[in-house]
2 protein chains.
Amino acid sequence: MKRINLKELANLLNLSTSSVSKALRDSHEISEETKKKVREFAVKHNYSPNPYATSLRKKKSKTIAVILPEVADNYFSLAINGIQKVAEARGYHLLIYLSHEKYSIEKAVLEECSNGRVDGVLISISSETTDHSHLQKLVNENIPLVFFDRAPEDFNASKVITNDYDCGYFTAMHLIEDGCTNPVFLSMSSALPICHRRAEGFKAAVLATGIASDPNKLVHYCDGTEEESMKKIQELFESKNRPDGVVASVERLAIQTYMVAQESEINIPKEVKVIAFSTLETAPILNPPLSTITQPAYDTGTKAAELLFQRIEKPLQYTQPECVVLPSIFMERKSCIPKSHFS
Amino acid sequence: MKRINLKELANLLNLSTSSVSKALRDSHEISEETKKKVREFAVKHNYSPNPYATSLRKKKSKTIAVILPEVADNYFSLAINGIQKVAEARGYHLLIYLSHEKYSIEKAVLEECSNGRVDGVLISISSETTDHSHLQKLVNENIPLVFFDRAPEDFNASKVITNDYDCGYFTAMHLIEDGCTNPVFLSMSSALPICHRRAEGFKAAVLATGIASDPNKLVHYCDGTEEESMKKIQELFESKNRPDGVVASVERLAIQTYMVAQESEINIPKEVKVIAFSTLETAPILNPPLSTITQPAYDTGTKAAELLFQRIEKPLQYTQPECVVLPSIFMERKSCIPKSHFS
DNA sequence: CTGAAAGCGCTAACAC
DNA sequence: GTGTTAGCGCTTTCAG
């Protein structure tokens with residue numbers, strides 16, 4: 001069964017292509033009668049316009065790109081859900097790209113986004129990204145760009161983020177109040193702004209209480225492969241001054257911390273208390289239930305998408321970048337209860 | 001900064017558009033010298049062809065659609081990863097659509113896929129999908145279609161699935177061997193082929209051992225909203241002949257089973273043993289560690305994508321649909337150990 | 001080896 | 001209220 005196009009449809013109807021085109025888009029120039037006839041005929045012949053011809057003509061693709069470091073993290077799944085909801089409601093299509101935390105891939109993907117393929121870009125930058133020229137290039141091409149969650153510190157574009165510093169501060173305070181004297185922060189990258197801000201908040205809190213023996217050993221970097229990261233945590237847990245509190249900056253590190261603790265038979269929370277930045281759905285049923293700083297992933301996605309569409313659809317109303325901060329919430333569970341509460 | 005197009009580029013080079021076009025695509029018709037000149041010039045001016053103009057001309061979009069019920073399930077995240085890897089390697093773009101388990105949405109999305117927007121479709125059908133006319137329509141339009149994981153039983157198209165029946169059979173046998181006398185199967189939909197096959201295998205095993213008091217009460221349907229599903233499981237756990245073994249057919253039901261057990265203070269595995277069809281990364285660190293039938297999600301994604309690209313790129317070699325079965329593997333953990341092993 | 005011209009399918013000025 | 005025409009940016013015969 002071959003697809004019918006506008007010209008063929010017009011011929012069959014004994015009308016011009018432009019009349020049919022207008023009729024299908026409910027133009028006021030066309031009489032109700034012919035509109036009706038055209039619509040019925042189009043449905044009968046299963047006609048729908050070629051989107052790329054339309055895009056070419058209108059210079060609008062009704063498509064946006066979503067660039068993520070990965071999709072395995074629950075956070076990004078939830079964010080995609082939010083983005084997708086907004087996009088679907090507005091009749092936009094979603095092109096998904098994964099940078100796999102690589103700057104080089106991220107850069108290549110952005111090149112692809114600047115040739116008219118998409119009307120806008122939503123991005124959460126890779127952990128390797130420190131240079132921003134590839135992002136600047138997109139902005140120079142006048143393609144709307146909105147960051148969500150992972151945004152560069154010093155880049156002039158709209159973004160939707162969470163209160164990382166405050167939450168980092170909070171986690172340290174909480175661990176200390178629960179009796180920790182040697183808490184550490186597990187970061188996945190010194191370059192990644194979210195980790196950096198969370199770590200800064202954490203450090204500030206620890207230093208404020210004056211319990212730190214060595215301020216340079218508060219933050220540990222678990223970059224590299226999964227295996228390297230696991231090993232790093234393992235070494236930390238086997239070291240002579242093993243931490244009695246751990247803050248995992250991302251979901252993956254939380255899981256790895258639990259894995260290592262289980263293997264090494266280190267009891268959480270008796271020997272090590274844990275708090276994780278995470279949206280893990282299984283947090284309440286882990287062993288023990290994991291205390292989390294739960295980020296508003298879904299809302300971050302919807303908000304970022306809304307900001308983007310606002311810019312795309314009402315470009316004249318856009319004056320300057322907007323920075324929206326959506327707070328995370330602390331969910332206290334057994335992984336960080338104080339000693340006095342042990343049963 | 002405005003984007004440059006082919007015509008402008010050609011003018012600047014004092015060449016015709018066709019020569020420049022050919023040069024950029026390394027045609028043998030063009031001399032090495034001019035090719036070099038053109039390429040350098042193109043890079044310098046940051047030229048890249050408008051993909052929609054190319055698509056329109058070539059009637060190829062270098063884009064495929066991936067239609068999923070949801071993205072929150074780990075299985076689909078992993079599958080997307082696999083699909084994305086193959087697509088990226090071949091220079092294809094990925095359009096993602098979520099049906100949210102709704103037949104109506106799935107149908108609408110498929111309409112969108114048959115107007116030239118995509119060169120092929122990968123789909124995992126919704127739990128509501130029983131009618132296949134929308135799928136047939138796509139096939140009639142000659143658009144390559146490959147199912148992964150969730151495929152209709154009786155539809156003539158390529159698919160990549162797992163050994164659901166056998167695994168269902170296995171779970172029942174395993175629970176019974178571990179001492180269960182009243183195992184049940186939690187299905188998310190009677191219509192969904194994967195659940196159906198898993199349930200059929202399960203039932204066959206239970207009936208084979210002759211322990212079933214009421215064969216009609218082996219499978220419980222937890223469809224509807226999250227809350228309804230939770231309530232169903234709760235009622236099951238509070239009923240007078242509470243099951244002593246549960247098989248969760250999908251990730252969500254596994255999590256809910258754990259949630260309910262935790263709330264109701266029902267001990268897993270002492271009071272109820274659990275096995276879940278799931279790719280949950282956190283299975284080993286749940287309380288207790290969850291025994292899983294782990295599906296080859298990533299490989300299913302890559303294989304399905306490969307089948308699709310084979311059809312797209314070598315349509316003449318395609319003779320008939322292929323059905324690939326990738327086996328799942330059983331990961332035994334504490335949620336289903338026999339009584340004799342309790343410590 | 002290079003260029004002219006047609007046309008992919010559609011929309012939007014502009015005529016009638 | 002309907003039709004004619006030009007053209008979005010590119011590729012591809014076909015001529016030279």
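In the text below, chain A, chain B and the rest are named by the order of the sequence lines, each starting its count at 1. If you're wondering where the values come from, they're calculated on a predicted model, not measured in any experiment.
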Between [atom2] of [N] and [atom1] of [X], the distance in whole Å:
{"X": "Leu9(B)", "N": "dG3(C)", "atom1": "CG", "atom2": "P", "value": "13 Å"}
{"X": "Lys37(B)", "N": "dC1(C)", "atom1": "NZ", "atom2": "C1'", "value": "12 Å"}
{"X": "Glu33(A)", "N": "dT2(D)", "atom1": "CD", "atom2": "P", "value": "8 Å"}
{"X": "Asn11(A)", "N": "dT2(D)", "atom1": "CG", "atom2": "C1'", "value": "15 Å"}
{"X": "Asn115(B)", "N": "dG9(C)", "atom1": "CG", "atom2": "C1'", "value": "12 Å"}
{"X": "Leu13(B)", "N": "dG3(C)", "atom1": "CG", "atom2": "P", "value": "10 Å"}
{"X": "Lys7(B)", "N": "dA6(D)", "atom1": "NZ", "atom2": "P", "value": "14 Å"}
{"X": "Lys60(A)", "N": "dC10(C)", "atom1": "NZ", "atom2": "C1'", "value": "17 Å"}

Heavy-atom count around Glu33(B) CD within 6.0 Å, excluding the residue itself: above 12?
no
Of the listed nucleotides [options], the one nearest the side chain of [X]:
{"X": "Leu6(A)", "options": "dC10(C), dG9(C), dT2(C)", "answer": "dC10(C)"}
{"X": "Leu15(B)", "options": "dC8(D), dC8(C), dG3(C)", "answer": "dG3(C)"}
{"X": "Asn5(A)", "options": "dA12(C), dC10(D), dC10(C)", "answer": "dC10(C)"}

Using the salt bridge (charged side-chain N to carboxylate O under 4.0 Å, His left out) rule, collect all pairs that involve residues 119-135 of chain A, keeping only residues at least two apart or in two chains.
Lys102(A)-Glu128(A)
OP1 or OP2 of [N] under 4.0 Å from side-chain N/O of [X]:
{"X": "Ser19(A)", "N": "dT2(D)", "answer": "no"}
{"X": "Ser21(A)", "N": "dC10(C)", "answer": "no"}
{"X": "Lys59(A)", "N": "dG9(D)", "answer": "yes"}

Got a sec, which residues hit ring pair (Phe, Tyr, Trp, His ring centres under 6.0 Å) with Phe76(B), two or more places apart in sequence or on another chain?
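Partners of Phe76(B) under the ring pair (Phe, Tyr, Trp, His ring centres under 6.0 Å) test: none.
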Close N/O contacts between protein and nucleotides 5-7 of chain C (under 3.5 Å):
residue: dG7(C); atom: N2; partner: Arg57(B); partner atom: NH1; Å: 3.2

Please identify each residue that fulfils salt bridge (Lys or Arg N to Asp or Glu O under 4.0 Å) with [X], with sequence neighbours left out.
{"X": "Glu313(B)", "result": "Arg90(B)"}
{"X": "Asp26(B)", "result": "Lys35(B), Arg39(B)"}
{"X": "Lys137(A)", "result": "Glu111(A)"}
{"X": "Glu112(B)", "result": "Arg117(B)"}

Just list the side-chain donor-acceptor pairs under 3.5 Å for residues 67-74 of chain B, sequence neighbours left out, or say none.
residue: Asp73(B); atom: OD1; partner: Tyr75(B); partner atom: N; Å: 2.7

Carboxylate-amine/guanidinium contact Lys36(B) Glu40(B), below 4.0 Å:
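Salt bridge present between Lys36(B) and Glu40(B).
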Hits for side chain to side chain contact (heavy atoms under 4.5 Å, CB included) against Ile4(A), two or more places apart or cross-chain, chain-then-number order -> Glu8(A), Leu9(A), Leu12(A), His45(A), Tyr47(A)
Among residues at least two apart in sequence or on other chains, which ones pass side chain to side chain contact (heavy atoms under 4.5 Å, CB included) with Ser21(A)?
Leu6(A), Arg25(A)
When the ring planes of Tyr92(A) and Phe309(A) are compared, do they come out parallel, tilted or perpendicular, using 30° and 60° as the limits?
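Tyr92(A) vs Phe309(A) ring planes: tilted.
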Ser55(B) near the nucleic acid: base, sugar-phosphate alone, or nothing, with a heavy-atom cut-off under 4.0 Å?
nothing
Check every strand shown and say whether Ser31(A) touches a base, only sugar-phosphate, or nothing at a heavy-atom separation below 4.0 Å.
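If one applies the 4.0 Å heavy-atom cut-off, Ser31(A) turns out to touch the sugar-phosphate alone, with no base involved.
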Please give me every residue in residues 44-54 of chain A whose heavy atoms get under 4.0 Å of an atom in DNA chain C, ordered by residue number.
Tyr47(A), Pro49(A), Asn50(A), Ala53(A), Thr54(A)
Give, ordered by number, those residues of residues 22-30 of chain B having at least one heavy-atom distance below 4.0 Å to an atom of DNA chain C; if nothing qualifies, reply none.
Lys22(B), Glu29(B), Ile30(B)
